[in-house]
There are 2 protein chains.
Amino acid sequence: MRPTVNDIAREAGVSLATVDRVLNDRPGVRDKTIRAVTEAIEKLGYVRDLAAANLARSRSYPFAIMLPDTESQFVQTLADALDVAGKQAATSRVEVRLHRFPAEDPHALAAMLARLPDQDYAGVALMAPETPILRDAVRSLRAKGLPVVALVSDLPNTDRDHFIGIDNRAAGRTAGVLMGRFLGGGPGQVMVLGQSLLARDTIERRRGFDEVMLRDFPRIEPLQTLESHGSRQTLRQIVAEMLANAPQVRGIYAMGDGHRALTQTLGELGLSGKLTVICHELTPHARAALETGEISAVITQNLGHLARSTLRVLRAKADRAPLDEGQEQIRIEIVLRENLPALPDTVPHSHTTAA
Amino acid sequence: MRPTVNDIAREAGVSLATVDRVLNDRPGVRDKTIRAVTEAIEKLGYVRDLAAANLARSRSYPFAIMLPDTESQFVQTLADALDVAGKQAATSRVEVRLHRFPAEDPHALAAMLARLPDQDYAGVALMAPETPILRDAVRSLRAKGLPVVALVSDLPNTDRDHFIGIDNRAAGRTAGVLMGRFLGGGPGQVMVLGQSLLARDTIERRRGFDEVMLRDFPRIEPLQTLESHGSRQTLRQIVAEMLANAPQVRGIYAMGDGHRALTQTLGELGLSGKLTVICHELTPHARAALETGEISAVITQNLGHLARSTLRVLRAKADRAPLDEGQEQIRIEIVLRENLPALPDTVPHSHTTAA
DNA sequence: GTAATTTTGAGGTACGTTCCTCATTTTTGA
DNA sequence: TCAAAAATGAGGAACGTACCTCAAAATTAC
């Protein structure tokens, strides 16, 4: 049997109360006694039963998660993933509350954040571009003892506790190498499409991409970023125009989401599968396009992992516990048709299932 | 506050005992009453507190994990990962016991497995090639009610509960596309190196690789598999010989591990970075070789994930609980220099840390 | 050596669930 | 309609830990 606090008390020759004082850093114990207890812990290989501890503390974890109210497939998929992860984590006293804020209104977001401390949350995760107002809001939350975690897009100039997402510059570099190598090193031109929710991320990706092109593929010319501003019409127009004028274009790097409009346009131009297309985020459309060969590769982050990681990190921060960096690191995944992960069935949720 | 079993009893107008009977599928409750309870659960949004439940059950999870006694870096890294995952999971009553068996002796393994049921384990994970003897051993374990999980290499013809690892054929296909595209579609030849712990896996990879070559890259000729049998001498000799005789070789696909010998040999031949080298498993050597450019790409599976997944799956199987397929699916990861994940610091373990 | 202070012990209650027993009520079948 | 069977209720102990109070013991300061 695993040793319990009682075993330690016996082994160390002290009372249960003293062991408890040592375990929970309570004052009023002599160094000598602390040592005796620590040695007993060591000797018996005691590991605190977290479940029992949390039960006794009746600790629970209500978390606020703030997402922009954009209707993009990416944000929607992320929201779903957080929802699923929240349902799973409910068995361990985690409660997820999703809030949407107006994407273009930093003041509204700040106001929402300001109201959070009164609703006794145990932590906040948020996906938003960094603005001065937001910086203040985050600082104020942290000052009140609330852990804050940046989601998808980092808030490097705030004192957020953690960032959960990928390094977009590295993601851009990865796209760059793939593009360069897939094009056999050139010669040729590459069209670059913008329009991301978070402008900073797009810029980072572009920087990474150019970095690699310049260094490793001098014979490939990445063209200026074309912005579709989320409009399908615009996208179609600029892509068509560009392709008509630049016959040397052999690849497309789509930094934002909105794959459907792109593949559709390429289809209409009779170019499906003729260009090397690399894009970000494995949305359902991107999956489909990978399978048909309309898209060559997708650079992505696993949203299920991201969601679960968010909850784990928030929990750890709320408990001031250390986290398993290896587990929380979100990977820059490269997805080709050949390593496309199978779509798992949706997870069954049932309160009557055995533990 | 979250609703508890008592709240449900009140809401449904029944006693705690009845709620418990419903919750745990105990007999002796009328359908009508079951319905009443279920509705109360639904209405209040009750979610069972797993921690409390397991505490009351005083359930614990001692797992046996069987690995071959090979000294390969892959197995060693896997063992370490399982160890770390085990330490982490100790807080939730999981105990990992690693056993090594003689890699070449299926009888010894079977004998070890036969002794397991007497040591009251809650589950078994094993990494071993499938043999008739092993099939019988697995069947016998399962007949005694022990969940069995196949690790890294599947045991498809047994009734193991689950397989944790990647689809090696798909991994081979992935290597194939990368090779094909990195070589610009050819023309050229590709050297293929064997020597894997688990012969079946190597064969699968080879099949996947050839499949893609044949279908998508007819101008690239994959050569016959060369076997190094784990010997560095042999490897160096056959590689050198082959390269001398086949000037058209532009790429190397290394299906097994043992990257050090390969990169060293290439270095001695003055070929570092001149060939497209694709291999499997992100061992420390492979990381280093990626960084220097000696290896172009690594196809790998995340061993940390694999280890954690193993414990989660074993737990779920032991409890007959459903598992989150999405979370347990091990991905075929493509690692280039540009998306090489940072090496996390080793995780601190301390029993005195706050919960 | 005594008083003040610090350290330790003993014991209890609580957390949310499981699992047990025994008594009582309700339903079923003849 | 009555006996037998089935369903339900009431209560309690347990799991391992946290956290509280109060008294007793040990140590320190003077």
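Because the structure is a prediction, the values reported are computed rather than measured. Here is how names work: the chains are called A, B, and so on, in the same order as the sequence lines, proteins then strands, and each is numbered from 1.
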Distance below 4.0 Å between B/R26 side-chain N/O and C/dC19 OP1 or OP2: yes
Heavy-atom protein contacts under 4.0 Å, nucleotides 4-14 of chain C, coded B base, S sugar-phosphate only, - none: ---SBBB----
Under the side chain to side chain donor-acceptor pair (under 3.5 Å) test, which residues partner A/N24, sequence neighbours left out? A/D20, A/R48
Run the side chain to side chain donor-acceptor pair (under 3.5 Å) test against A/D136 and tell me which residues pass, sequence neighbours left out. none
Candidate nucleotides [options], ranked by approach to the side chain of [X] - the nearest:
X     : options                : value
B/L55 : D/dG16, D/dA18, C/dT18 : D/dG16
B/T4  : C/dT17, C/dC15, D/dA18 : C/dT17
B/V5  : D/dA18, D/dT17, C/dT17 : C/dT17

Atom pairs and distances, side-chain donor-acceptor, residues 137-144 of chain B, under 3.5 Å, sequence neighbours left out:
{"residue": "B/R142", "atom": "NE", "partner": "B/D161", "partner atom": "OD1", "Å": "3.0"}
{"residue": "B/R142", "atom": "NH1", "partner": "B/D159", "partner atom": "O", "Å": "2.7"}
{"residue": "B/R142", "atom": "NH2", "partner": "B/D161", "partner atom": "OD2", "Å": "3.3"}

State, to 0.1 Å, how close A/H99 and A/A64 come at their nearest heavy-atom pair, and which atoms those are. CD2-CB, 4.0 Å
Of all heavy-atom pairs between B/R93 and B/L55, which one has the smallest distance, and what is that distance? NH2-CD1, 4.0 Å
Sorted by chain and number, sequence neighbours left out, salt bridge (Lys or Arg N to Asp or Glu O under 4.0 Å) with B/E95 holds for B/R97
Output all residues satisfying salt bridge (Lys or Arg N to Asp or Glu O under 4.0 Å) with B/D7, sequence neighbours left out; order by chain, then residue number. B/R10
Going by side-chain contact (heavy atoms from CB on, under 4.5 Å), name the residues that satisfy it together with [X], two or more places apart in sequence or in a different chain.
X      : value
B/D31  : B/I34, B/R35
A/E11  : A/A40, A/K43, A/L44
A/F101 : A/M66, A/P68, A/L109, A/M112, A/A128
B/A79  : B/L67, B/Q76, B/L98, B/R100

[X] [atom1] to [N] [atom2]: how many Å, rounded?
X     : N      : atom1 : atom2 : value
A/R57 : D/dG16 : CZ    : P     : 17 Å
B/I8  : C/dT17 : CD1   : P     : 8 Å
A/L50 : D/dG16 : CG    : C1'   : 12 Å
A/R2  : D/dT17 : CZ    : P     : 7 Å
A/D49 : D/dC15 : CG    : P     : 13 Å
A/R48 : C/dC15 : CZ    : P     : 20 Å
B/N24 : C/dG16 : CG    : P     : 17 Å
B/N6  : C/dT18 : CG    : P     : 12 Å

Tabulate atom names and distances for all N/O pairs under 3.5 angstrom spanning the protein and nucleotides 28-30 of chain D.
none

May I ask you to say what B/D20 touches in the nucleic acid, namely base, sugar-phosphate or nothing, with a heavy-atom cut-off under 4.0 Å? base
Across the strands shown, which category fits A/R59 at heavy-atom distances under 4.0 angstrom: base, sugar-phosphate, nothing? nothing
Taking five pairs at each terminus, the helix from C/dG1-D/dC30 to C/dA30-D/dT1 shows an axis bend, to 10°, of 10°
